[in-house]
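Everything on this sheet refers to the single structure shown next.
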Amino acid sequence: MKKIFILTLIGLVTFNLSAQEVIIPNLNSDSRVITTGVPFILIAGDARSAGMADIGVASSTDAFSQQWNPAKYVFAISKQGIGITYTPYLSQLVNDIFLGNLTYYNRINERSAVAVGLRYFSLGEIEFRQNLEQEPLLQNPNEFIFDASYSLRLADRFAMGITGRYINSNLKIIVLNEDASAASSFAVDVSGYYQSEEIAYGDFDGRWRGGFNISNIGPKLKYDEVGSESNLPTNLALSVGFDFILDQYNKVGVNLEFNKLLVPTPPIRGTKFIDENGNGQIDDGEEILDNNAIYKGKDPDVNFFKGMLQSFGDAPNGFSEEINEIVWALGVEYWYQDVFAFRAGYFNEHETKGSRKYMTLGAGFKYTTINIDISYLISTSTVISPLEGTLRFGLTFNFGDEYDEY
């Protein structure tokens, strides 16, 4: 009797050692692109920044600083300014998808400034019909944001800004879902900007610039009660720039910028099952527990604040993958007599995180209080940008008293 008990116990132990929960990763590539709701917020809304590879956190102040770094407004030369831009999207395929941008700022005094902005993204007109004879139902999905900012100079050469933003995403198609409604949320930005005095460097003078912006901090978007939630494109941007002031006619500005989405990285998922044979494979009769279990990484279904903190260390492949999630861009701007500007830039994103790589060119012209800017994008990756071959236009009006910031 005792021998039978011992043999039974050994059998149970052996079964427990072999029959265990195992996850087999799904067959997919190493690519884990981070996706968010309302991604249009990250598109460069002005032609000047677009001409320098979407750089604007530490560049010199202009009317469109609302998107990049509102703290710059307290260093504006003109007391007030209005900026208007128009950006065609997917222009090589359609002609009615576009991004519009309207911004106004007012430098209240030497130490503070306010600004408001409106960005509208139209996805064009879409026709729905069940057959060729039916009268089409026309719909125009769209998204927009409205924001307001306040910036304050905390020291002679340093300022900070805060922005409040309302977000509305109306992408639901009523013909497919009668209960469709627009999703909305709110967000805040926190930014800072430093601008040095003009410093003599032998044959030329120079000026340092630096800035940061933590943007779109806010709750997730949700379109209906049963639908999944989408993270806002919360983003950390760090930038440094230097102006080569060659003489009274020629100036060259160089800017380097880094961006990282503060959004959870998608984990590697797989099939979770009871591996009774201990061979690491799903055999006939073995129980499958979950077809979408997390094999490696962290659960991305967390609130927005925890997701921001988690985003610094949740990449399944560790630190090397976290580094791959950092996007960098280099931009150059040349001014002649503060009248003509020529710009160029390069934008780089890792192949496993979206592979956006492109060069940009741009130009600007200033006449009294009016600035006109254009830019053009050339993809250098197999992933073609929706803005490939698109001319972007911007118009700025500066008026009011001028401040001496240099």
For this session: Verify side-chain contact (heavy atoms from CB on, under 4.5 Å) between Leu377 and Glu388, making sure each step is shown before the conclusion.
Result: CA-CA 5 Å; Leu377 184 147; Glu388 171 77 18; 3.9 Å; yes
Exercise. Under the side-chain contact (heavy atoms from CB on, under 4.5 Å) criterion, do Phe121 and Ile97 qualify, and how do the steps go?
Worked result: CA-CA 8 Å; Phe121 185 58; Ile97 301 180; 4.1 Å; yes
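- Residues Ala237 and Val57 approach most closely at CB-CG2, 3.7 Å, considering heavy atoms.
- Considering only heavy atoms from C-beta on, Tyr346 comes within 4.5 Å of Thr380 through its side chain.
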For this session: Assess whether side chain to side chain donor-acceptor pair (under 3.5 Å) is satisfied between Tyr201 and Asp203, documenting all intermediate values.
Result: CA-CA 6 Å; Tyr201 290 96; Asp203 295 336; over 6 Å; no
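- Contact check for Asn398 versus Gln80: no side-chain heavy atoms found under the 4.5 Å cut-off.
- In this structure, the ring of Tyr120 has its center no less than 6.0 angstrom from the ring center of Phe144.
- When every heavy atom of Ser169 is checked against every heavy atom of Leu221, the shortest pair comes out as CB-CD1, 4.5 Å.
- Under the 3.5 Å distance criterion, with hydrogens and angles disregarded, no donor-acceptor pair is assigned to the side chains of Asn142 and Ser122.
- Cation-pi geometry between Lys260 and Phe312 is satisfied (NZ or CZ under 6.0 Å from the ring centre, within 45° of the ring normal).
- Ring centroids of Tyr358 and Phe347 are separated by less than 6.0 Å, placing the two rings close together.
- Arg107 places a side-chain N or O within donor-acceptor distance of the main-chain N or O of Val74, the cut-off being under 3.5 Å.
- Heavy-atom minimum distance, Pro267 versus Ile294: CB-CG2, 3.9 Å.
- Leu361 places none of its side-chain heavy atoms less than 4.5 Å from the side chain of Ser375.
- In this structure, the separation between OG1 on Thr265 and CZ on Arg32 is 8.0 Å, given to the nearest 0.5 Å.
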For this session: Go through the steps to decide whether Tyr403 and Asp401 satisfy the test side chain to side chain donor-acceptor pair (under 3.5 Å), and finish with yes or no.
Result: CA-CA 7 Å; Tyr403 292 86; Asp401 298 334; over 6 Å; no
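- Across every non-hydrogen atom of Ala71 and Gly161, the tightest pair is CB-N, 3.7 Å.
- Remark: Tyr166 OH is packed, more than 12 non-hydrogen atoms of other residues, nucleotides or ligands lying under 6.0 Å away.
- Among Lys366, Arg343, Arg392, Arg48, the single residue meeting the salt bridge (Lys or Arg N to Asp or Glu O under 4.0 Å) criterion with Asp373 is Arg343.
- Heavy atoms only, all atoms of each residue included: Ile108 and Lys79 are closest at O-NZ, 3.4 Å.
- Minimum interatomic distance between Asn69 and Gly211 (heavy atoms only, all atoms of both residues): ND2-CA, 4.0 Å.
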Problem set entry | Worked check of side chain to side chain donor-acceptor pair (under 3.5 Å) between Thr36 and Asn231 | CA-CA 5 Å; Thr36 69; Asn231 287 289; over 6 Å; no
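- For the pair Thr390 and Tyr376, the minimum side-chain heavy-atom distance is 4.5 Å or more.
- Look at Lys251 and Asp243 and you find no salt bridge, because none of the NZ, NE, NH1 or NH2 atoms lies under 4.0 Å from a carboxylate O.
- Judged by distance alone, the side chain of Tyr105 and the main-chain N or O of Asp62 form no donor-acceptor pair under 3.5 Å.
- Separation of the Phe340 and Phe365 ring centroids falls under the 6.0 Å cut-off.
- Between the CZ atom of Arg119 and the CG atom of Asp46 there is a distance of 9.5 Å, given to the nearest 0.5 Å.
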Exercise. Is there a side-chain contact (heavy atoms from CB on, under 4.5 Å) between Glu325 and Ile34 once you walk through the steps?
Worked result: CA-CA 9 Å; Glu325 291 179 356; Ile34 299 175; 3.8 Å; yes
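- Proximity of a side-chain donor or acceptor of Gln195 to a complementary backbone N or O of Trp208 within less than 3.5 Å is not detected.
- Formation of a donor-acceptor pair under 3.5 Å by the Thr85 side chain with backbone atoms of Gly45 is found in this model.
- Interatomic distance, OG1 of Thr368 versus CZ of Phe399, reported as 13.0 Å (0.5 Å rounding).
- You'll find the side chain of Ile245 reaches within 4.5 Å of the side chain of Glu198, heavy atoms only.
- Atom CG of Leu262 and atom CD1 of Ile217 lie 8.0 Å apart (nearest 0.5 Å).
- Atom OG of residue Ser59 and atom CD of residue Glu333 lie 7.5 Å apart, to the nearest 0.5 angstrom.
- Put simply, the side chain of Gln310 gets close to the backbone of Asp299: a donor and an acceptor are under 3.5 Å apart.
- In summary, the aromatic rings of Tyr193 and Phe158 are positioned with their centroids too far apart to meet the 6.0 Å limit.
- Between the Thr360 side chain and the Ala53 main chain, a donor and an acceptor come within less than 3.5 Å of each other.
- Annotation: side chain of Leu102 is in contact with side chain of Ile82 (closest heavy-atom distance under 4.5 Å).
- Between Phe242 and Phe244, the two ring planes are perpendicular [angle over 60°; tilted spans 30° to 60°].
- Side chain of Ser381 to backbone of Ser355: a donor-acceptor contact under 3.5 angstrom is found.
- No side-chain heavy atom of Ser311 sits under 4.5 Å from any side-chain heavy atom of Val263.
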Problem set entry | side-chain contact (heavy atoms from CB on, under 4.5 Å) assessment of Leu395 paired with Phe393 | CA-CA 7 Å; Leu395 190 62; Phe393 299 91; over 6 Å; no
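- A salt bridge is defined here as a Lys NZ or Arg NE, NH1 or NH2 lying under 4.0 Å from an Asp or Glu carboxylate O, and Arg157 with Glu197 meets this definition.
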For this session: Could you walk me through whether Asn259 and Asn235 pass the side chain to side chain donor-acceptor pair (under 3.5 Å) test, one step at a time?
Result: CA-CA 7 Å; Asn259 286 267; Asn235 183 73; 2.8 Å; yes
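- Not one N or O on the side chain of Arg165 forms a donor-acceptor pair closer than 3.5 Å with the backbone of Ile145.
- Judged by distance alone, with hydrogens and angles left aside, the side-chain atoms of Lys72 form a donor-acceptor pair with the main-chain N or O of Gly56 at under 3.5 Å.
- The closest side-chain donor-acceptor pair between Ser379 and Ser385, if any, does not fall under 3.5 angstrom.
- Here the side chains of Pro316 and Glu321 are in contact, with some heavy-atom distance below 4.5 Å.
- Exactly one of Asp147, Asp189, Thr163 qualifies for a side-chain hydrogen bond (donor to acceptor under 3.5 Å, both in side chains) with Gln66. That residue is Asp147.
- Side-chain contact check for Asn250 and Tyr334: at least one donor-acceptor pair (N or O, by modelled atom type) lies under 3.5 Å.
- Proximity of a side-chain donor or acceptor of Ser49 to a complementary backbone N or O of Ile55 within less than 3.5 Å is detected.
- Summarising the geometry, atom CG belonging to Leu387 is positioned 6.0 Å from atom OH belonging to Tyr89; distances are rounded to the nearest 0.5 Å.
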